[in-house]
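So the structure is just underneath, and the comments pick up after that.
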Protein chains: 2
Amino acid sequence: MIIEEPRKPARTTTEEKILEVARKQFLNKGYTATKTRDIASLAGINLALMNYYFRSKENLFEIIMSEKIDELFTGVLPVLNDTQTSLEEKLVLLSEHYTDMLLRSPGLPIFVLNEIQKNPERFGRQIRFKTEVMRSEYIRQLAEADPNNEPVSHLITYLGMLIFPFFMKPVMQATGALREDGFSAMVLTRKQLAPIWMKNIIGIS
Amino acid sequence: MIIEEPRKPARTTTEEKILEVARKQFLNKGYTATKTRDIASLAGINLALMNYYFRSKENLFEIIMSEKIDELFTGVLPVLNDTQTSLEEKLVLLSEHYTDMLLRSPGLPIFVLNEIQKNPERFGRQIRFKTEVMRSEYIRQLAEADPNNEPVSHLITYLGMLIFPFFMKPVMQATGALREDGFSAMVLTRKQLAPIWMKNIIGIS
DNA sequence: GTCTATAGAGGGATAGAC
DNA sequence: GTCTATCCCTCTATAGAC
């Protein structure tokens, strides 16, 4: 009879602390500008210990990157694939999902898409776009609504409505066009409007 | 009588060659991942000479960055401020401007917005968003069309329609969802459709 | 597991000859 | 203007003691 190993709460301490710091550093500075020394010192340890847990900077980065790609893309697959919800309901769910999530992680899209662009063949494959997204219930319903619809283009349009404001956030704030709360307010209004806009565009095709 | 100095074609050679290479390197790799040694060797010279022309990497970068911000943002100000064109015409002109320009420089948006995010206070000011864009004829016409319109939000929506596909390009191609010519075709179709979509959204508000 | 110390490579910048 | 040689700092990674 096999006895399960009990959870070791000790392991959460240092290892998870490093991951936590690394997440923040990579997200804010990108891969090259992030220094292992900074991660170590911010985690309250030193370089050698960081390499004891994660063999290299690259390795640590791949772990974080994989997490973040999931956060940005893979997370919505259940919504897209749900056969119980209508197209209209999916539009609302997507808007809510992205708006709420990105208000918590405004820097996520620019980080992920920038690093993918610098290394497409390495990270691109993780996004099961062709297999998972293009064959989803969402795409099927889109084609059903109007056979002339170009599904990929429409998906990009909608993601743009939801995500692009977060690309512009630093610009808006640095130029003084929008303060922090002004930006949140705008995005929350858009959360309501985006599904309506998009429904209309789909109708138009 | 002042005699104008003749253009010195000699100066275009080395200095412009360095700029040309630096543009490509910074654009593809970002600031930190770009190495001055690479710029020099790709320009067919050496490090010392590069520092003779441009005092430092930072200095060279600021020049390129300034150029690129202009390319992405400042370039459309004449369109936005034209009192001779209708709102509808401006939508068409913006769509044409961005689509054609970004097909030539697909990596421009992600480079500029990523570097601005890493250093907002430094580069943000160059974009005269609050003073030039927000007081433009375009914004006035938008408010005229419907007083309930939220001009900033609508501008972001439209820029998203035109620019966001280029953020997704590496993802589309790495996942095999779209080949190179498939992407161009999609974007060219969108060039026609985006103004129509947007006109409709403005009507809805 | 956690540390100190250091190897080893790479990067930006400059001195100084031509 | 353009080069070679080199300084000097920073960064990643590892050896080895505790």
Side-chain angles (χ1 to χ4, degrees), chain A residues 5-67 111 114-115 118-119 122-123, chain B residues 5-67 111 114-115 118-119 122-123:
Chain A
E5 281 206 0
R7 268 255 167 259
K8 300 169 201 157
R11 189 184 281 180
T12 2
T13 323
T14 302
E15 192 173 339
E16 187 53 49
K17 180 68 183 172
I18 296 172
L19 281 171
E20 184 190 320
V21 170
R23 255 177 231 118
K24 186 174 283 186
Q25 288 294 106
F26 282 132
L27 203 112
N28 289 333
K29 311 193 166 195
Y31 176 74
T32 27
T34 295
K35 304 174 203 338
T36 51
R37 276 180 161 77
D38 290 349
I39 295 177
S41 94
L42 286 169
I45 55 156
N46 61 40
L47 249 179
L49 193 54
M50 209 216 77
N51 275 35
Y52 168 79
Y53 281 106
F54 307 90
R55 294 190 347 267
S56 66
K57 180 187 179 183
E58 282 228 356
N59 191 48
L60 179 54
F61 180 68
E62 291 220 5
I63 294 169
I64 307 292
M65 189 62 185
S66 180
E67 265 185 38
F111 166 72
N114 185 50
E115 297 293 345
K118 288 194 199 158
N119 224 324
R122 187 180 194 180
F123 299 116
Chain B
E5 282 208 356
R7 268 255 167 258
K8 300 168 201 158
R11 190 183 281 180
T12 0
T13 323
T14 302
E15 192 172 341
E16 187 53 50
K17 180 68 182 171
I18 295 172
L19 281 172
E20 183 190 320
V21 170
R23 254 176 231 119
K24 187 174 283 188
Q25 288 295 108
F26 282 133
L27 202 111
N28 289 332
K29 310 192 167 201
Y31 176 73
T32 27
T34 295
K35 304 176 205 332
T36 52
R37 279 180 160 77
D38 290 351
I39 295 178
S41 95
L42 285 169
I45 54 154
N46 59 41
L47 246 179
L49 194 53
M50 209 215 76
N51 274 37
Y52 168 80
Y53 281 106
F54 308 90
R55 296 193 343 272
S56 66
K57 179 187 179 183
E58 283 228 355
N59 191 47
L60 179 53
F61 180 69
E62 291 219 5
I63 294 169
I64 307 293
M65 189 63 185
S66 179
E67 266 185 37
F111 166 72
N114 185 50
E115 296 294 344
K118 287 194 201 160
N119 225 325
R122 188 181 194 181
F123 300 116

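Note on naming: letters A, B, ... go to the chains in the order of the sequence lines (proteins, then strands), and numbering restarts at 1 for each one.
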So, A/Thr34 side chain and A/Gln25 main chain: donor-acceptor pair closer than 3.5 Å or not?
yes
Within 45° cone and under 6.0 Å: B/Lys118 NZ/CZ vs B/Phe123 ring:
no
Got more than 12 heavy atoms from elsewhere within 6.0 Å of CZ, A/Arg122?
yes
For nucleotides 4-15 of chain C, just jot down a letter per nucleotide in 5' to 3' order: B, S or -, based on protein non-hydrogen atoms under 4.0 Å.
B------BBBBB
Under 6.0 Å between the ring centres of B/Phe26 and B/Phe111?
no
Result block: side-chain N/O donor-acceptor pairs under 3.5 angstrom for residues 35-49 of chain B, not counting sequence neighbours:
unit_1  : atom_1 : unit_2  : atom_2 : d
B/Asn46 : OD1    : B/Ala48 : N      : 3.2
B/Asn46 : OD1    : B/Leu49 : N      : 3.1

